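Fair warning: this is a prediction, and the values are worked out from it, not measured in the lab. Proteins get letters first, then strands, A, B, ... in listed order; numbering begins at 1 in each.
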2 protein chains.
Amino acid sequence: MSISSRFAVAIHILALLDINKEGRNTSEFIAGSVNTNPVVIRRVIGLLGKAGLVHTSPGVGGASLARQPQDINLLEVYRAVQNDPPGELFAAHDKPNPKCPVGQNIQGTLDTVFRRAESAMENELAKVTLDQIVFDLVRGDR
Amino acid sequence: MSISSRFAVAIHILALLDINKEGRNTSEFIAGSVNTNPVVIRRVIGLLGKAGLVHTSPGVGGASLARQPQDINLLEVYRAVQNDPPGELFAAHDKPNPKCPVGQNIQGTLDTVFRRAESAMENELAKVTLDQIVFDLVRGDR
DNA sequence: TCACCTGTAACCATTGTAGTTACAATTACT
DNA sequence: AGTAATTGTAACTACAATGGTTACAGGTGA
Ligand code: FES
Ligand code: FES
């Protein structure tokens, strides 16, 4: 399966918050932009809020970045919206047979390889900051 | 969501085929080793067969490696058992609003980042060969 | 013929996801 | 105080992928 589109939506939201920082970014406004339901947006924003990436204003409405866009990288965003804990991008097979020569040690062997691959991916995400994304978006507009 | 455990099971199977190359590796035997149902094993072996990694003997029974273990790397195995086509590790959000300044260009921007991250992960998998896995397994046995 | 095995279809339970409706709690404005 | 707007959350639905299971047709060799 693919990694949840929450990640893509989260990046979308954060970029919008930066670009439209003058306006009041309600979940409904953002939903219109992302083309989905406001509740979906609020759910993602809730996760981003818990991770300390955005602030929200209950009652008054609207969300805003809690940090400068150059201080937010995509790995943080990924971690914020990803339900699976780190180190579980690859599913291990549950209960290998301990009586089998392969089963005895397969867990550790696979774990090393899987962790290495997962880290390589995450390092690429860590390299990219939100302001690079925004720059790229605005550049595309010209 | 995590990447399907089919990948872990596939590596498990291939390692077993190499280690137990003298014996007749029926789906039932392998299933006992992996600790799952024979049909699950046959399904995975079917995918590995289509990818040209193993040979099977319908009727007579048993499977064997179609190549030397040093000539099989984990990226090939990953591709063989992964249903999602390459380039879709990360799900894009479906239909961004073309009237939104973000939506106009978000697809291309995200695509670049996502592809880069996915490739980084795959490159790590490509570095590891089946015989390295087997070596590690056997070493753990001592 | 017979025993055994593969390949595959069919079905089921579980899980994660995204969308949707509904509503209490919060805040600003008048 | 009263009203309108908005967040945060719960609850429900629909859907897709997954892994396990049973069943069985067809191949293969003894
Ligand atoms: S436990 Fe997985 S093959 Fe032996
Ligand atoms: S925020 Fe996704 S289309 Fe505008």
Rounding to an integer number of Å, can you tell me how far [X] [atom1] sits from [N] [atom2]?
X: A:Asn35; N: C:dA18; atom1: CG; atom2: P; value: 14 Å
X: A:Leu48; N: D:dT7; atom1: CG; atom2: C1'; value: 15 Å
X: A:His55; N: C:dT27; atom1: NE2; atom2: C1'; value: 18 Å
X: A:Asn37; N: D:dA11; atom1: CG; atom2: C1'; value: 14 Å
X: A:Ile41; N: D:dT6; atom1: CD1; atom2: P; value: 15 Å
X: B:Asn25; N: C:dC4; atom1: CG; atom2: P; value: 18 Å
X: A:Phe7; N: C:dG16; atom1: CZ; atom2: P; value: 20 Å
X: A:Phe29; N: D:dA5; atom1: CZ; atom2: P; value: 18 Å

Assign each of B:Pro38 and B:Gln82 the nucleotide of DNA chain D bearing its closest heavy atom; nearer the 5' end lies the nucleotide of B:Gln82

Of B:Lys50 and A:Thr36, whose nearest nucleotide on DNA chain C comes first from the 5' end? B:Lys50

Kindly compute the distance separating [atom1] ([X]) from [atom2] ([Y]), expressed to the nearest 0.5 Å.
X: A:Asp18; Y: A:Gln68; atom1: CG; atom2: CD; answer: 8.5 Å
X: A:Asn73; Y: A:Leu125; atom1: CG; atom2: CG; answer: 8.5 Å
X: A:Gln132; Y: A:Leu74; atom1: CD; atom2: CG; answer: 8.5 Å

Can a donor-acceptor pair under 3.5 Å be found between the side-chain atoms of A:Arg6 and the base atoms of C:dG16? no

Among B:Leu130, B:Leu48, B:Ile133, find the residue that satisfies the side-chain contact (heavy atoms from CB on, under 4.5 Å) test when tested with B:Val77. B:Leu48

Within the pair [X] and [N], is there a side-chain N or O less than 4.0 Å away from OP1 or OP2?
X: A:Arg42; N: D:dT9; value: no
X: A:Arg24; N: D:dT6; value: yes
X: A:Ser27; N: D:dT6; value: no
X: B:Asn83; N: D:dT18; value: yes
X: B:Ser4; N: D:dG19; value: yes
X: A:Ser57; N: C:dT26; value: no
X: A:Thr56; N: D:dG8; value: yes

Does atom CZ of B:Arg116 have more than 12 heavy-atom neighbours from other groups under 6.0 Å away? no

A:Glu28, CD: over 12 other non-hydrogen atoms inside 6.0 angstrom: no

Identify which nucleotide among [options] has an atom closest to any side-chain atom of [X], counting heavy atoms from C-beta outward.
X: B:Pro58; options: D:dT7, C:dT6, C:dT8; answer: C:dT6
X: B:Val60; options: D:dT28, C:dG19, D:dT6; answer: D:dT28
X: B:Arg43; options: C:dG19, D:dT9, D:dG19; answer: D:dG19
X: B:Val40; options: D:dA10, D:dT21, C:dG7; answer: D:dT21

